[in-house]
A.B. asks: 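Quick one: this structure, given as structure tokens, is what I'll be asking you about.
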Amino acid sequence: MYKATITVRLKTSVLDPQGSAVKGSLHSLGFAAVTDVRIGKTMEVWISAPGSTEAGEKVEEMCQKLLANPVIETYDYELEGA
Amino acid sequence: MRFAVPVFPGSNCDIDCEKAITTVLGEPVDFVWHTQRDLDQYDAIIVPGGFSYGDYLRAGALARFSPVMEGVVKAASEGKLVLGICNGFQILQEAGLLPGAMRVNDHLKFRCDIQPLTVVNNSLAFTQDYRRDEGIQLPIAHGEGNFYCDEVTLKELEQNGQIVFRYVGSNPNGSVEDIAGVSNREGNVLGLMPHPERAIVEWMGSQDGAKMFTSMLRYWEEKIGAA
């Protein structure tokens, strides 16, 4: 069993309205040092696979097919035995 | 002309679409549950608005893998008319039938309003009853209609006449180049965030959506007549 922790982010070229709003709120809270905020998603996926190579291939496939939208998002992941 | 309106868990504009077709055109229309794969008997498909699968993950991302979408993709490849409205637009983008992707509105609010638009391309099966650059008013109701595509795609869209509707006046969501609706390259798949099915009779505040349906019927009749 493997656990993949997948992070999906908006591409840096894509404006992030939520990140901008949160940055504004952090500034009004007094965190003047904050220069940028980007909001993404974290997903934890448990996979039954014979080895980490196979598990990694599955994660790649599911990210490309469903979990990230390649038009606006990028993804990366970490795999650990679970 | 036989229409199909696919219904997903969370669709909420399906009945509006049916009423628009029966009221404006008087043509037959069936609701098709998302588990049905085969749409061969239909001449046109209208993917309705709503919150399919609760907008979980991304708007349209989960509906895109419903069995009925196989039928929609097949119909599109056969040159049949496929219209995606609001969440239907997002689903068609996720399915790869239309370019771009939607971001959250730039002001982060759900915007429900009557929106002025301009008809940029009136040469499509969906828009031939409008005049070029005609100013129209359609209702909008969305939180994620902030159309995005990269520069290269935007150039292609402009060159191919795929930008079909633009917002006029203040852009309600921050979309690239005020884009409100785009078509595929072939012109038989159209997606737009505004709701033509909610603007078909006078008491709705605008009747400007009716011409989209009459355009579709005229296109189909001429095609059948020519065959």
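Remember, predicted model here, so these are calculated numbers, not experimental data. So you know, we letter chains A, B, ... as the sequences are listed, proteins then strands, and number each from 1. Worth knowing before you read on, the calculation uses all heavy atoms, side chains too, and leaves out hydrogens, waters and symmetry mates.
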A.B. asks: Suppose we screen for side chain to side chain contact (heavy atoms under 4.5 Å, CB included). Which residues come up paired with A:A82, at least two apart in sequence or across chains?
C.D. replies: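 Listed in chain order: A:M1, A:K3, A:W46.
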A.B. asks: Heavy-atom count around B:I15 CD1 within 6.0 Å, excluding the residue itself: above 12?
C.D. replies: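 Atom CD1 in B:I15 is not crowded, with 12 or fewer foreign heavy atoms closer than 6.0 Å.
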A.B. asks: Other residues, nucleotides and ligands only: do more than 12 of their heavy atoms fall within 6.0 Å of CG on A:L15?
C.D. replies: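 Counting neighbours around CG of A:L15, 12 or fewer heavy atoms of other residues, nucleotides or ligands fall under 6.0 Å, so no.
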A.B. asks: Ignoring hydrogens, what is the shortest heavy-atom contact between B:L108 and A:A21? Give both atom names and the distance.
C.D. replies: CD1-CB, 3.2 Å
A.B. asks: Which region of B:L57, side chain (C-beta onward) or backbone (N, CA, C, O), has a non-hydrogen atom less than 4.5 Å from a non-hydrogen atom of chain A, or is it both or neither?
C.D. replies: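 Answer is both: backbone and side chain atoms of B:L57 are under 4.5 Å from chain A.
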A.B. asks: Suppose we count any N or O donor within 3.5 Å of an acceptor, strictly below that value; which pairs fall between chain A and chain B?
C.D. replies:
unit_1, atom_1, unit_2, atom_2, d
A:K41, NZ, B:L57, O, 2.6
A:L66, O, B:R58, NH1, 2.9
A:L66, O, B:R58, NH2, 2.8
A:L67, O, B:R58, NH1, 3.2
A:N69, ND2, B:E94, OE2, 3.3

A.B. asks: Does atom CZ of B:F110 have more than 12 heavy-atom neighbours from other groups under 6.0 Å away?
C.D. replies: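 It does: B:F110 CZ has more than 12 such atoms within range.
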